[in-house]
Amino acid sequence: MTPPRVRIAPSPTGDPHVGTAYIGLFNYVFARKHGGTFVLRIEDTDQARCTPGSEQAIFEALKWLGLNWQEGPDCGGDYGPYRQSERLPIYREHVARLLAEGKAYRCFATPEELAEMRKVQREQKLDLAYDGRYRDYDPKQAEQRAAAGEPHVVRMKVPREPGATTTVHDCLRGDVTFENRLIDDQVIMKSDGFPTYHLACVVDDHLMKISHVIRGEEWITSTPKHVLLYQAFGWEAPAFYHLGLLRNHNKSKLSKRKNPVSVFHYRDLGYLPGTFVNFLGTLGFSYGDDRERFTLDEMVERFEWSRVSPGGPVFDPVKLAAFNADDIRAMDVDTLTSQLIAHLYTPERLRAIVALARERIDLLDDFVPYTSFFFAGKVDYSQVLGKMKIKKRTRKEVVNILKTYIEEIERDPAARGFTAPELETFSRAFCERHGWKTREVFTLLRLSITGRTAAPPLFDTMAAVGKDRARLRLRDAADVLRQQPEW
RNA sequence: GGCCCCAUGGUCUAGCGGUUAGGACGUUGGCCUCUCACGCCAAAAUCCCGGGUUCAAUUCCCGGUGGGGUCACCA
């Protein structure tokens, strides 16, 4: 086989996701197995959702796991740029070509108009779909309106011959056929001039000579649109492999509601990177020989698509922890000692904690017990549960305010850095917004984060505890409270 | 709801027509042991259901059921 070119194409919209690592792993392993190339492309075409710093975070997460790429925005390559926001002229050129050939058309329907259309369709219990209201609009007139600066999108013109179908060959699942009448005239260029995923992905995969598209099952229903785009351009489509989606315990798609999904959570709480990739590798792939512990190199050596199953596996953190425990036991004491020092006692982190502890310890020996909660994963709430009963607030209200806090702090870009000033600004605004006294919320935060009534200043403490550990505890505290009897 | 994907213990999986259905996590019981942990041993599966095909189906085909995904100017 000629050396494959594969890619991972994450969106820099938040913390690096476990699912990205999972798909990245399979791409990486497949490329290496066949001496191919693993490309990293950043899909930052949604200006509203991209957050600063998350591109860097993706680099960090993949490197931590050892999933190294040969071409990407940081290291370049022959097919760059590797950031979609830097490829806008390329997309415009390709859209212009489709427009000129009548394979796409401009649509002037406003978002409100389309929302109204869907509302009517819903009421009449029709299929939700774009009704093609601009599909046959006079191109000359459309060009005039566009030239005059009227906002609009560009849609692909899906072939509508009666009975027409589009077949996607999935190498893991076989042929999957879709009726064209059920495929929307998808928007390929948004009114802000940015391409949508569908267009950008097809154009880039072609131009970057991607031979195998290995991605999550969530994409399988949009693959016919991609196939149609390849046909419209007259290009050969790559081979498609849709892997099952990682699931929560209730089988729904892995989500932060139910599980920590940031790769950094696992890194910062002391999971070993080799263990983590090994665990991801056991989901969907099987080594055979009743063996499930293997290194990345061993997985590469053994990898074959016939060893990959298409079902969506449940991501079980308990089993992951058991793997980690095994690997810790297997380390000699010296290695483990240095790993522990590197993980817990980095000079910067230790210094930050010492600064907070100095005025509160009398003997050097007081340090460890006083600061234990900075290092633990979860903390014990049994001693402080009573203190979480905020006067005039029901248990449910307390649980909800904690949950809301978690949700909002994850979403707020201003709190991304998780520094003390950011946290304070965010938290004060949060109290204001929800009509809670700072005293009430700050108490809850302190108890949840530290498991104690007395601790160093809250926001410095939160910052030193770290984002993922803090999030874990807030969620855990909310869970513990939820299971308490009403007060 | 339409379309699409998937289906071996609670979970991850081995199996590729004939097996006492194997391993791992978890659970339960036991052993080891100054405690705990580790370690060791053991227990638990209508192979989703119903039809076919076949001398023979967990394995192949069809239908059902169940679960999931997707139906945006998000990816």
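Lettering follows sequence order; numbering is per chain, from 1.
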**OP:** Could you tell me the separation between the NZ atom of A/Lys253 and the P atom of B/C71, rounded to a whole number of Å?
**Re:** 9 Å

**OP:** Count the heavy atoms of every other residue, nucleotide or ligand shown that sit under 6.0 Å from CG of A/Asn250, and state whether that count exceeds 12.
**Re:** yes

Original post:
Separation of A/Asp170 atom CG from B/C3 atom P, in whole Å?
Top reply: 20 Å

**OP:** Could you tell me whether the side chain of A/Asn248 and the main chain of A/Ser255 form a donor-acceptor pair under 3.5 Å?
**Re:** yes

Original post:
Below 4.0 angstrom, N of the basic side chain to O of the carboxylate: do A/Glu43 and A/Arg83 qualify?
Top reply: no

Original post:
When you compare B/G52 with B/G68, how far apart are their P atoms, in angstrom units rounded to a whole number?
Top reply: 31 Å

Original post:
Contact class for A/Ala109 vs. all strands (heavy atom < 4.0 Å): base, sugar-phosphate, or nothing?
Top reply: base

Original post:
Without hydrogens or angle criteria, can the side chains of A/Asp204 and A/Gln84 be said to hold a donor-acceptor pair below 3.5 Å?
Top reply: yes

Subject >> From CG (A/Asp175) to CG (A/Asp170), nearest 0.5 Å >> reply: 9.5 Å

Original post:
Using purine N1 to pyrimidine N3 plus N6-O4 or O6-N4 for Watson-Crick, or N1-O2 and O6-N3 for G-U wobble, each under 3.5 Å, what pairs with B/U19?
Top reply: none

**OP:** Please check the phosphate of B/U11 (OP1 and OP2 only) for any side-chain N or O of A/Lys251 closer than 4.0 Å.
**Re:** yes

**OP:** Give a yes/no verdict on a cation-pi contact between A/Arg155 and A/Tyr134, requiring under 6.0 Å between NZ or CZ and the six-membered ring centre and an angle within 45° of the axis.
**Re:** no

Original post:
Within the pair A/Arg181 and B/G2, is there a side-chain N or O less than 4.0 Å away from OP1 or OP2?
Top reply: no

Original post:
Checking all strands, does A/Thr110 fall into the base, sugar-phosphate, or nothing category for heavy-atom contacts under 4.0 angstrom?
Top reply: base

Original post:
Does A/Glu298 pair with A/Arg291 as a salt bridge, N-O distance under 4.0 Å?
Top reply: yes

**OP:** Would you indicate, yes or no, if B/A75 has its OP1 or OP2 atom less than 4.0 angstrom from a side-chain nitrogen or oxygen of A/Lys190?
**Re:** yes

**OP:** Sort out the partner of B/A43 for me: Watson-Crick or G-U wobble, both distances under 3.5 Å, none otherwise.
**Re:** B/U27

Subject >> Integer angstrom distance from the C1' of B/U65 to that of B/C73 >> reply: 39 Å

Original post:
Backbone N or O of A/Thr404 within a donor-acceptor pair of the A/Glu407 side chain at under 3.5 Å?
Top reply: no

**OP:** For A/Arg155, answer base if it contacts any base atom (sugar-phosphate contacts may also be present), sugar-phosphate if it contacts only those atoms, and nothing otherwise; contact means non-hydrogen atoms under 4.0 Å.
**Re:** sugar-phosphate

**OP:** Would you indicate what A/Arg118 reaches in the nucleic acid, counting non-hydrogen atoms under 4.0 angstrom: base, sugar-phosphate, or nothing?
**Re:** sugar-phosphate

**OP:** Using Watson-Crick or G-U wobble geometry with both distances below 3.5 Å, tell me the partner of B/U58, or none.
**Re:** none

Subject >> Whole-angstrom distance between B/G18 and B/U28, as gauged at atom C1' >> reply: 34 Å

Original post:
Within the pair A/Ser286 and B/A14, is there a side-chain N or O less than 4.0 Å away from OP1 or OP2?
Top reply: yes

For nucleotides 21-26 of chain B, which of its nitrogen or oxygen atoms have a protein nitrogen or oxygen under 3.5 Å away, and what is each distance?
residue, atom, partner, partner atom, Å
B/G22, O2', A/Asp290, OD2, 2.9
B/G22, N2, A/Asp290, OD1, 3.2
B/G22, N3, A/Asp290, OD1, 3.4
B/G23, O4', A/Asp290, OD2, 3.4
B/G23, O2', A/Asp290, O, 3.2
B/G23, N2, A/Glu292, OE1, 3.4
B/A24, O4', A/Glu292, OE2, 3.1
B/A24, O2', A/Glu292, OE2, 2.1
B/A24, N3, A/Lys319, NZ, 2.7

**OP:** Give a yes or no on whether a donor-acceptor pair under 3.5 Å exists between the nucleobase atoms of B/C73, that is its base, and the side chain of A/Ser191.
**Re:** yes

Original post:
More than 12 heavy atoms of other residues, nucleotides or ligands under 6.0 Å from NZ of A/Lys258: is that the case?
Top reply: no

Subject >> Any A/Arg329 side-chain nitrogen or oxygen under 4.0 Å from OP1 or OP2 of B/G39 >> reply: yes

Subject >> Sugar-phosphate only, base, or nothing, as touched by A/Glu217 at under 4.0 Å among non-hydrogen atoms >> reply: base

**OP:** Check every strand shown and say whether A/Gly311 touches a base, only sugar-phosphate, or nothing at a heavy-atom separation below 4.0 Å.
**Re:** sugar-phosphate

**OP:** Find out whether the Lys NZ or Arg CZ of A/Arg145 is both under 6.0 angstrom from the six-membered ring centre of A/Phe108 and within 45° of the ring's axis.
**Re:** yes

**OP:** Using a 4.0 Å heavy-atom cut-off across all strands, classify A/Pro111 as base, sugar-phosphate, or nothing.
**Re:** base

Original post:
Contact class for A/Gly216 vs. all strands (heavy atom < 4.0 Å): base, sugar-phosphate, or nothing?
Top reply: nothing

**OP:** Looking at every strand, decide which applies to A/Thr45 at a 4.0 Å heavy-atom threshold: base, sugar-phosphate, or nothing.
**Re:** sugar-phosphate

Original post:
Taking the six-membered ring of A/Tyr287, is NZ or CZ of A/Arg302 closer than 6.0 Å to its centre and within 45° of its axis?
Top reply: yes

Original post:
Taking atom P of B/G2 as reference, at what distance in whole Å does atom CD1 of A/Ile183 sit?
Top reply: 18 Å

**OP:** Would you mind classifying the nucleic acid contact of A/Phe178 as base, sugar-phosphate or nothing, using non-hydrogen atoms under 4.0 angstrom?
**Re:** sugar-phosphate

Original post:
Counting any heavy atom closer than 4.0 Å, what does A/Val176 reach on the DNA or RNA strands: base, sugar-phosphate only, or nothing?
Top reply: sugar-phosphate

Kindly give the atom pairs (protein nitrogen or oxygen, nucleotide nitrogen or oxygen) under 3.5 Å for nucleotides 64-66 of chain B.
none

**OP:** Specify the separation, in whole Å, of atom NE2 of A/His226 and atom P of B/A75.
**Re:** 11 Å

**OP:** Kindly indicate whether a cation-pi arrangement holds for A/Arg433 with A/Phe430, taking the cut-offs as under 6.0 Å to the six-membered ring centre and within 45° of the axis.
**Re:** no

**OP:** Could you say whether A/Tyr22 or A/Glu43 is positioned toward the 5' end of RNA chain B, judged by the nucleotide with the nearest heavy atom to each?
**Re:** A/Tyr22

